[in-house]
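Labels below follow one simple rule: chain letters A, B, ... track the order of the sequence lines, proteins then strands, and each chain is numbered from 1.
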Amino acid sequence: MAENLLEVNNLKKYFPVKAGIFKRTVAHVKAVDDISFAVEEGETLGLVGESGCGKSTTGRTILRLLEATAGEVLFEGKNVMELDKKEMRAIRRDMQIIFQDPYASLNPRMTVADIVGEPLDIHNLAKNKKERNEKVKEILENVGLGAEYMNRYPHEFSGGQRQRIGVARALAVDPKLIIADEPVSALDVSVQAQVVNLLQDLQKEYGLTYLFIAHDLSVVKHISDRVAVMYLGKLVELTDKKELFRNPMHPYTQSLLSAIPEADPKKKKDRIILEGDVPSPVDPPSGCRFHPRCPKAFEPCPVKEPEFKEYGDGHFAACHLLDQ
Amino acid sequence: MEWKEILTRLIKNKLSLFGLIIILFFVLVAVFAPYLAPPRSPEDAYEIPRAGWQVEPQPPREGYLFGTAQGSYDIFYGMVWGTRTAFRIGVIVVGLSSLFGIIIGTLSAYYGGIIDEFFMRITDVFMSIPFLVAAMVLTTILGKGLDNVMIALVTFGWMGTARLMRSQVLEIKNEEFVQASIALGASDTRIIFKHIIANCIFPVLIQAFMRMGSMVITASALSFLGVGAPEGYADWGQMITFARDWILGGQGSALKYWYTVVIPGTAIMLFSLSWNLIGDAFRDILDPKLN
């Protein structure tokens, strides 16, 4: 088994809800509530869940774009949460992020050459302007953009091309880990495939490790080695991709899988349709957070929180049913 | 958008072209002031020469193109050299107050929390005092003179920019490209200058254009109220002040001393109008919804 590049232990991120003239904290939005997982070197871990379940917050907290409330993030054995400003800047070379929105994630007043060259400037990776331009050109070619685009501004590009620029920017520092925060969900389906394939090619070429955040299971199925399923700030299941799609243990995962559209319209499907909405993360349900919507809930569910533990061969899940 | 494109569009718009032409005219007048109205001695070029010691204004005549104002001050000379004063007030006051506003607004919004609270409460205190009254009081305390007028205008003129900048920065700093830059390990200075200020400077610029005109009006108002430039100093406000006692005309003719009011009044109006026209056109150009 490969070594763990990234290890997340008991990570929590609560956002305070302030009210009144004295801005007292009246409650917390528990966006990420005590999650633990590891990403092995060279693999792609897919992180899926509905909107608002804390996927993106997890990604941003790992990179310290948001400060965690509690827990630790070990990157190559070093606790990222304890690094000071200078050490943090240095480690950012090794962990990068690709954003969801290809329109908001590029500075509209910078040329492509400046956007992709910025990481080189920050970390002094190019000795002079000529070398910088050479490097930018090389990176752009690697993501499938020609050098002729270098002096253009982001608004002159399509969504897919912009996302390639975003990928190029992340690649420029030669990182080990890339957190891809829904990198294709804002793109057309045809373009999604191109970008996903690009990410896969780059992974092989650069030996990258991905934490791939998405809400689209079919995309995750295509790119991931292992998949983690999140619900309302908690991990409910984590296992090998094939195992997950063949043998989903958690009722939530089962319902998610049943929602993937089938290409054959005649094929009968047993769709598990969940009742109600995702509860508020300010005041999550007691016990198992999924119990108000779970079709299989029974006595212990509203009372006791299920433990996230291994049920054979790297298949983790959190459900009382599995203990019976 | 590139500067070149902005300029082409400013020229293409009829109103802003009109504004640009007037500003250009005033710039030329200011630059060639020593040729248009040669001073008696270069040291006191801003001292308006007097045609005599007559109190009553005299109409335009040979040698005194715009006539003479109260106290026989040469109106033409005062207008020509006053153009320089107008630009000096406009550029220095708007430049400095915008700079303070940008610094305070950016720091408040970028660092937030207690820093934001501190700066914004100071801004509130300054804003709570009526601008003209505050500027008058401060000029009175500092003493007569154009420099003191400018100090007063800067002291009470930065709050609008600070608030505007703060709201802009608050919006931009949560954009994903700023997050991306943080994720790359960029320093605060880099993020503030390259990403934040570069993306929110235009509204501040537009506001600065608009204020260019109004600052000159305010400075004139202070002169008119008697706390501005010392008597005899070439300044448009001063020229209006000379007209104060003659506005109503006299001896059965309401328009008898029209030149004392109309000439400086027109100059001030055109000056501030043209800055506003440019500012307006600038705003339209930069508003993506109107493109």
If you measure from [atom1] on [X] to [atom2] on [Y], what distance do you get to the nearest 0.5 Å?
X: N107(A); Y: I172(B); atom1: CG; atom2: CD1; answer: 8.5 Å
X: I122(A); Y: K194(B); atom1: CD1; atom2: NZ; answer: 9.5 Å
X: R109(A); Y: I201(B); atom1: CZ; atom2: CD1; answer: 10.5 Å

Looking at every non-hydrogen atom in both residues, tell me the closest pair between [X] and [Y] and how far apart they are.
X: A104(A); Y: E175(B); value: CB-OE1, 3.7 Å
X: A180(B); Y: S105(A); value: CB-O, 4.5 Å
X: E176(B); Y: Q100(A); value: OE1-N, 4.2 Å
X: P108(A); Y: F177(B); value: CD-CE2, 3.7 Å
X: S181(B); Y: E118(A); value: OG-OE2, 3.2 Å
X: L184(B); Y: H123(A); value: O-NE2, 2.6 Å

Query - chain B contact via M95(A) - side chain, backbone, both or neither, heavy atoms under 4.5 Å - result: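 Just the backbone, heavy atoms under 4.5 Å.
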Query raised in the report: Is it the side chain or the backbone of R169(A) that comes within 4.5 Å of chain B heavy atoms, both, or neither?
Result: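 Looking at R169(A), backbone and side chain both touch chain B.
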Query raised in the report: Do the side chain of R92(A) and the main chain of A186(B) share a donor and acceptor less than 3.5 angstrom apart?
Result: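 Such a contact is absent between R92(A) side chain and A186(B) backbone.
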Report task. Would you please test I97(A) and Q179(B) for side chain to side chain contact (heavy atoms under 4.5 Å, CB included) and show each step? Result -> CA-CA 9 Å; I97(A) 181 164; Q179(B) 298 290 313; over 6 Å; no
Query - Residues in residues 62-75 of chain A that sit under 4.5 Å from chain B, counting heavy atoms only - result: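 Within residues 62-75 of chain A, the residues under 4.5 Å from chain B are L65(A).
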Query raised in the report: So do D188(B) and K85(A) actually touch side chain to side chain, heavy atoms under 4.5 Å?
Result: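 When only atoms from C-beta onward are counted, D188(B) and K85(A) do touch, with a gap below 4.5 Å.
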